[in-house]
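Heavy atoms only: backbone and side chains are in, while hydrogens, waters and symmetry mates are out. The first residue of the sequence shown is numbered 1, and numbering continues consecutively from there.
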Amino acid sequence: MLKNKLKLSICIFAIICLITSICLATDSNNDIATISANSQEAVPTSMEGGDPVETTSPADVRYSDLYVSDKETTISNTIIGNAYASVATLNIAPESQNSSTNTVISGNVFATAATVNIKSDVTYSDETDKDGFQKITSINKSVVIGGNVFVTANKFVLDPGVKINGDLFICANEIVLSKNAVIYGNIYAVCNKMDLNCQVSGDLYTSCKNFNMNYYGFVYRDLHINSDTATIGGYAYRNLFIDANNIVTTSNFICSKDLTVENADKFVFSGKVQGNVTVKSSQIEFKTEEDGKAIDCKISGDFNYTSKNEIEVSKDIVIGNSNFTKYTSPTPNPLKNIGKFLINILYSLIYTIVIYWVVKKLMPNFFSKFSNITTKSMLINLAIGLGILILVPIICIVLCITGIGATLGIVLALIYVILLLIASPIFAILITEYIKKTSKLTINSFALLVIVTIILQLLFKISFVGSILSFLATLTAIGNTCVLALKKK
């Protein structure tokens, strides 16, 4: 379940990055480096005793989208709209000359940069917390983003007090989400290193190399983590699902519901889980002491674990039942691979049949145009398909850059994607009609389509050669579809 959700979130993130790259290409000449403004929004109350900050009426507000493209840019005005940035360094920060106002962006933020900093003005005390960081006395002013934040960067830093009312979609080398920052939506993150110390009202989905969450971290819904190493403290208000090589939960870790470790080499547990714990790990340890002092280490529900060796679990640690399953290394199962192969062919067959009936229902005259197909026309259309595959993305980008043709560019891009998705079924239909025309077979068209689809899928599975055949089939299908769609009956 965890891997499927992570795959889904990464696919969604990839689509969003594609849309963002198109958006960032528009109006980049309207560069505005630094603008000052006020806001009526207040920052959240500090978890360490800080008071909310009153704000004044806005004095300098931009009532349109902001586009910036420069080496280093600072945005500090209120924007009633979206912010688009393609820069080396992006800073979103409150105006330094006014000590009582926040910076507000009512819409979404789209940013591609080496470094992205969303800053705040914070007063720190001389005291330090147990991690050695200075405690916060007050948050004087900060940044409030009303929509979603889409970022691709080398480093992304969210300062204390910053509020994001929507979701955070981010791909970065390093992500730092500071304590007292608040994200009211979900986090979808792909990164090398992530430090999560903020409050998250939604879910967390992340695939990273190193994941760290300290006792300031608070996730109100579920955590889905896929990483190499993970150190987890703080509060998981619902469930935690994790797949990592090395996992450590600290003594200040609290999980209100269930903890599931889907796969790990080593799992070291301390803290509190109020539900059940299910673990699959070759090595499991319970840590009950730290620096000679007893620390929290308790599971209120059942402890179901799969490991190499059975361990002695104290009733002081697990209140419920402990259930052991011997860990065995998975052995290759050839029948499983055959099963997956057959299922893939079945999916392709169903997909082709669905496309066949949809096209036949919505465009009944489309199939009648196949009667003029020849070997020569198919080769010509293969070349046309290659041209479309290369030229259409370029045309879409040019249309979006001009601004005037942005809508047309988006529509053309959608048609292009649809053509790619239906290329394989269309090629199967094309070959079926070609066989009917050039042979004297009396077999039913639908039955012939099923046979052709299965044969094509078998050919496409051949190593190396199959990839080439699949690519040529896609080009031929795209070319023929476009030519036949424009051709009069």
Inset, instruction - To the nearest 0.5 Å, tell me how far Y63 OH sits from I79 CD1. - result: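 Taking OH in Y63 and CD1 in I79, the distance rounds to 12.5 Å.
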
Inset, instruction - Using a cut-off of 6.0 Å, state whether more than 12 heavy atoms not belonging to Y237 lie near its atom OH. - result: no

Legend entry - Candidate pair I118 and D159, rule side chain to side chain contact (heavy atoms under 4.5 Å, CB included), full reasoning: CA-CA 6 Å; I118 304 182; D159 274 4; over 6 Å; no

Inset, instruction - Using modelled atom types only, decide if a donor and an acceptor are shared between the side chain of T278 and the backbone of T260 within a distance under 3.5 Å. - result: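 Answer holds: no.
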
Inset, instruction - Output the distance between atom NZ (K155) and atom NZ (K193), rounded to the nearest 0.5 Å. - result: 8.5 Å

Legend entry - Backbone of L449 reached by a side-chain donor or acceptor of T453 within 3.5 Å: yes

Legend entry - D258 (side chain) donor-acceptor with N239 (main chain) under 3.5 angstrom: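 No; judged by distance alone, with no hydrogens or angles, the pair does not exist.
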
Inset, instruction - Would you indicate whether the side-chain heavy atoms of T231 and F211 approach each other to under 4.5 Å? - result: no

Legend entry - Evaluation steps, side chain to side chain contact (heavy atoms under 4.5 Å, CB included), between L158 and I175: CA-CA 8 Å; L158 199 69; I175 301 173; over 6 Å; no

Inset, instruction - Without swapping roles, check the side chain of D65 against the backbone of N82 for a donor-acceptor pair under 3.5 Å. - result: yes

Inset, instruction - Could you tell me whether the side chain of L168 reaches within less than 4.5 Å of the side chain of F156, counting heavy atoms only? - result: yes

Legend entry - Closest non-hydrogen atom pair, V200 against G185: CG1-O, 3.6 Å

Inset, instruction - Using atom types as modelled and distance alone, determine if a side-chain donor or acceptor of S142 lies under 3.5 Å from a backbone N or O of S120. - result: no

Legend entry - Which atom of N263 lies closest to which atom of D243, heavy atoms considered: O-OD1, 3.3 Å

Inset, instruction - Answer yes or no: is there a donor N or O on one side and an acceptor on the other, between the side chain of N186 and the main chain of D203, under 3.5 Å? - result: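 Side chain of N186 to backbone of D203, a donor-acceptor pair under 3.5 Å: yes, one is there.
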
Inset, instruction - Evaluate the side-chain proximity of M194 to L204: yes if any heavy-atom separation is below 4.5 Å, no if none is. - result: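 Counting from C-beta outward, L204 and M194 do come under 4.5 Å.
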
Legend entry - Y220 ring center near F218 ring center (under 6.0 Å):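 Yes, the ring of Y220 comes within the 6.0 Å limit of the ring of F218, centre to centre.
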
Legend entry - Residues D121, I139; criterion side chain to side chain contact (heavy atoms under 4.5 Å, CB included); working and verdict: CA-CA 6 Å; D121 182 6; I139 300 172; over 6 Å; no

Legend entry - Heavy-atom pair with the smallest gap, counting every atom of R238 and C255: O-SG, 3.3 Å

Legend entry - S424 and F460, any side-chain heavy atoms less than 4.5 Å apart: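 Touching, per the 4.5 Å side-chain cut-off.
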
Inset, instruction - Taking all non-hydrogen atoms of both residues into account, name the closest pair between F471 and L389 and its distance. - result: CE1-CD2, 3.8 Å

Inset, instruction - Compare all side-chain heavy atoms of V392 with those of L412 and state whether any distance is below 4.5 angstrom. - result: yes

Legend entry - Side-chain (S281) to main-chain (A264) donor-acceptor, under 3.5 angstrom: yes

Inset, instruction - Begin with the C-alpha distance, continue with both residues' side-chain angles, and end with the deciding distance and a verdict on side chain to side chain contact (heavy atoms under 4.5 Å, CB included) for L382 and L472. - result: CA-CA 7 Å; L382 187 150; L472 294 176; 4.2 Å; yes

Inset, instruction - Step by step, work out the side-chain hydrogen bond (donor to acceptor under 3.5 Å, both in side chains) result for N197 and S178. - result: CA-CA 5 Å; N197 305 317; S178 303; over 6 Å; no

Inset, instruction - State the CD1-CD1 distance between I225 and I247, to the nearest 0.5 angstrom. - result: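 Nearest 0.5 Å value for the CD1-CD1 distance: 8.5 Å.
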
Inset, instruction - Indicate yes or no: at least one non-hydrogen side-chain atom of I75 is less than 4.5 angstrom from one of N91. - result: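 Sidechains of N91 and I75: no contact.
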
Legend entry - Any donor-acceptor N or O pair under 3.5 Å, side chains T152, T112: yes

Legend entry - I426 side chain reached by N480 side chain, heavy atoms, under 4.5 Å: no

Legend entry - Rounded distance [0.5 Å steps], CG in N117 versus CD1 in I92: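 So the CG of N117 and the CD1 of I92 are separated by 9.5 Å.
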
Legend entry - Distance in Å, S106 OG paired with I145 CD1, rounded so as to fall on 0.5 Å steps: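 Going from the OG atom of S106 to the CD1 atom of I145 covers 11.0 Å.
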
Legend entry - SB check D228 K209 (cutoff 4.0 Å): no

Legend entry - Residue pair S86 / Y67, side-chain donor-acceptor N/O under 3.5 Å: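 The answer is no; no qualifying pair exists.
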
Legend entry - Main-chain N/O of Y216 paired with N214 side-chain donor or acceptor, under 3.5 Å: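 Checking the backbone N and O of Y216 against the side chain of N214, a donor-acceptor pair under 3.5 Å is found.
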
Legend entry - Nearest-0.5 Å distance, CD1 of residue I384 to OG1 of residue T481: 11.5 Å

Inset, instruction - List the atom of I164, the atom of D167, and the distance in Å for their closest heavy-atom pair. - result: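 For I164 versus D167, the nearest heavy atoms are CG2-O, 4.2 Å.
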
Legend entry - I232 vs I242 side-chain heavy atoms within contact, under 4.5 Å: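 Sidechains of I242 and I232: in contact.
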
Inset, instruction - Heavy atoms only: give me the nearest A423-T474 pair and the separation to one decimal. - result: CB-CG2, 3.8 Å

